[in-house]
Amino acid sequence: MARLAGKRALVTGGRQGIGQAIVARFRSEGARVMTCGRGGRPDDLTADTGWVTADLADKGAVEELKHATLSELGGLDILVNNAGLQIEKTLVDSSDEDWDLLMGVNAKGVFLSCRAFIPAMAAGGSIINIGSTSGMAADPGMALYNASKAFDHGLTRSVAVDHGPALRCNAICPGWIMTDMAEAGFAVAKDPAAAEADALARQPVGRFGTPEDVAELALWLASDESRFASGQCFTLDGGLTA
């Protein structure tokens with residue numbers, strides 16, 4: 001039996017990478033799925049997956065996303081706050097514009113989405129925030145990104161405490177997942193090839209993660225199988241932080 005049969009899900013940032021993998025995995029398990037992004041509808045998005053173009057840092061856009069999602073799905077059981085971006089700069093090199101852009105999506109966007117959708121979610125709903133090991137131990141040259149993910153972890157715990165038992169809220173904290181953002185992270189090193197080789201050598205499982213690895217954990221957290229899990233930040237890093 002499909003593990004998400006009858007469930008309705010919104011996955012933000014579903015154009016590529018982790019978000020795209022979660023959309024596909026949820027659909028394969030029977031969920032009806034909406035997703036969103038800043039650009040136009042991706043050509044490879046299946047016809048039965050809903051799409052909304054939205055800037056999640058904008059309150060009005062989030063309200064429009066809420067209206068479109070609830071109109072299309074008739075309610076919401078699962079919210080995955082995946083949309084995010086990365087800026088490879090130290091604190092002193094970061095501008096006010098960098099702060100507004102990154103914190104607008106990674107922090108304010110998660111706040112706005114949770115605030116908008118929590119009152120509309122079905123009883124027993126599940127919110128999944130995509131955090132990062134960067135919010136636990138700082139990656140060099142990514143000050144604002146590190147800070148934004150620490151915010152997401154803290155908000156996850158607050159949502160779980162304040163809004164249970166009506167819903168559950170957890171975070172997934174990936175380590176090195178091979179996406180364009182991971183490549184950009186290695187690129188800021190003095191020797192990117194050496195940095196990547198060093199990171200790989202410190203992976204007890206012997207490989208980097210894939211978006212599909214994250215999607216599998218998201219599936220569990222979205223399903224009723226994880227009904228006793230709430231307020232947790234699940235590290236998914238191949239043993240790196242161990």
Side-chain angles (χ1 to χ4, degrees), residues 10-20 22 35-40 52-66 79-118 127-160 162 169-190 192 195 199 211 214 233 235-237 241:
L10 170 64
V11 181
T12 68
R15 173 182 294 277
Q16 60 189 358
I18 290 172
Q20 185 180 55
I22 293 174
T35 189
C36 66
R38 289 188 172 218
V52 176
T53 298
D55 177 2
L56 297 177
D58 180 79
K59 177 183 175 181
V62 172
E63 287 299 319
E64 291 177 6
L65 174 63
K66 175 183 176 181
L79 171 63
V80 181
N81 287 307
N82 165 75
L85 55 87
Q86 178 176 290
I87 294 175
E88 299 82 29
K89 292 182 180 180
T90 67
L91 178 64
V92 295
D93 291 332
S94 299
S95 66
D96 291 352
E97 291 74 21
D98 291 332
W99 168 277
D100 291 340
L101 176 61
L102 188 144
M103 289 297 186
V105 176
N106 293 15
K108 185 181 179 182
V110 177
F111 158 71
L112 289 175
S113 293
C114 286
R115 188 176 67 176
F117 283 100
I118 284 172
I127 296 176
I128 305 164
N129 297 323
I130 303 301
S132 173
T133 55
S134 300
M136 302 172 178
D139 281 318
M142 294 198 295
L144 295 182
Y145 182 79
N146 298 336
S148 72
K149 291 304 178 180
F151 170 88
D152 291 339
H153 300 169
L155 188 67
T156 294
R157 290 184 283 267
S158 290
V159 169
D162 291 340
C169 184
N170 294 284
I172 300 175
C173 307
W176 288 109
I177 307 298
M178 293 317 292
T179 63
D180 291 342
M181 289 177 70
E183 296 291 353
F186 286 129
V188 301
K190 293 181 180 179
V214 182
C233 297
T235 301
L236 188 71
D237 66 353
T241 54

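Along the sequence shown, the residues carry numbers beginning at 1. Note that the structure is predicted; figures quoted are calculated from it, not measured.
Between C173 and M136, the closest side-chain pair of non-hydrogen atoms falls below 4.5 Å. With a 4.5 Å cut-off on side-chain heavy atoms, Y145 and L102 count as touching. A 4.5 Å side-chain heavy-atom check between R115 and V62 finds every atom pair outside the cut-off. Residues F117 and L65 are in side-chain contact: their nearest non-hydrogen atoms beyond the backbone lie under 4.5 Å apart.
In plain terms, the two heavy atoms of P174 and I18 that are nearest each other are CG-CD1, 4.5 Å. Nearest heavy-atom pair across M103 and L144 is CE-O, 3.7 Å. Among all heavy-atom pairs drawn from F186 and A195, the shortest one is CE2-O, 3.8 Å. Nearest heavy atoms, M142 versus E88: CG-CA, 4.1 Å. Taking all atoms of both residues into account, the shortest heavy-atom contact from A61 to D58 is N-OD2, 2.7 Å. The nearest pair of heavy atoms linking L56 to C36 is CD2-SG, 4.3 Å.
Considering CG of D96 and CG of L101, their distance stands at 12.5 Å, rounded to 0.5 Å. Note that CZ of F111 and CG of N106 are 15.5 Å apart. Values are rounded to the nearest 0.5 Å. Rounding to the nearest 0.5 angstrom, the gap separating the OG atom in S148 from the CD atom in Q86 is 9.5 Å. Here CG of L112 is found 9.5 Å from SG of C114. Values are rounded to the nearest 0.5 Å.
Residues S134 and D139 bring a donor and an acceptor atom of their side chains to less than 3.5 Å of each other. A donor-acceptor pair shorter than 3.5 Å can be found between the side chains of T241 and D237.
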Could you go step by step and tell me if V159 and I118 meet the side chain to side chain contact (heavy atoms under 4.5 Å, CB included) rule? CA-CA 9 Å; V159 169; I118 284 172; 3.9 Å; yes
Could you walk me through whether I177 and V214 satisfy the side chain to side chain contact (heavy atoms under 4.5 Å, CB included) test, starting with their C-alpha distance in whole Å, then the side-chain angles of each, then the deciding distance to 0.1 Å, before giving a yes or no? CA-CA 8 Å; I177 307 298; V214 182; 3.9 Å; yes
Could you go through I130 and N81, starting from their C-alpha distance and side-chain angles, then the distance that decides it, and tell me whether this counts as side chain to side chain contact (heavy atoms under 4.5 Å, CB included)? CA-CA 6 Å; I130 303 301; N81 287 307; over 6 Å; no
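A donor-acceptor contact shorter than 3.5 Å links the side chain of R15 to the backbone of G40. At least one donor-acceptor pair under 3.5 Å links the side chain of T12 to the backbone N or O of N82. A donor-acceptor contact shorter than 3.5 Å links the side chain of T35 to the backbone of V11. For T179 (side chain) and G17 (main-chain N/O), no donor-acceptor pair under 3.5 Å exists by modelled atom type. Panel note: side chain D93, backbone K89; no donor-acceptor pair is recorded below 3.5 Å. N129 contributes no side-chain N or O that, together with a main-chain N or O of G131, makes up a donor-acceptor pair within less than 3.5 Å. Within the 3.5 Å criterion, the main-chain N or O of S132 finds a donor-acceptor partner in the side chain of H153. Between the side chain of S158 and the main chain of L155, no donor-acceptor pair closer than 3.5 Å is present. The main-chain N or O of A116 is found under 3.5 Å from a side-chain atom of K66 such that the two form a donor-acceptor pair. Between the side chain of N170 and the backbone N or O of T156, no donor-acceptor pair lies under 3.5 Å.
Judged as a side chain to side chain contact (heavy atoms under 4.5 Å, CB included), and not counting sequence neighbours, the contacts of D152 are V110, K149. Take A160 and apply the side chain to side chain contact (heavy atoms under 4.5 Å, CB included) test, not counting sequence neighbours, and it matches C169, S230.
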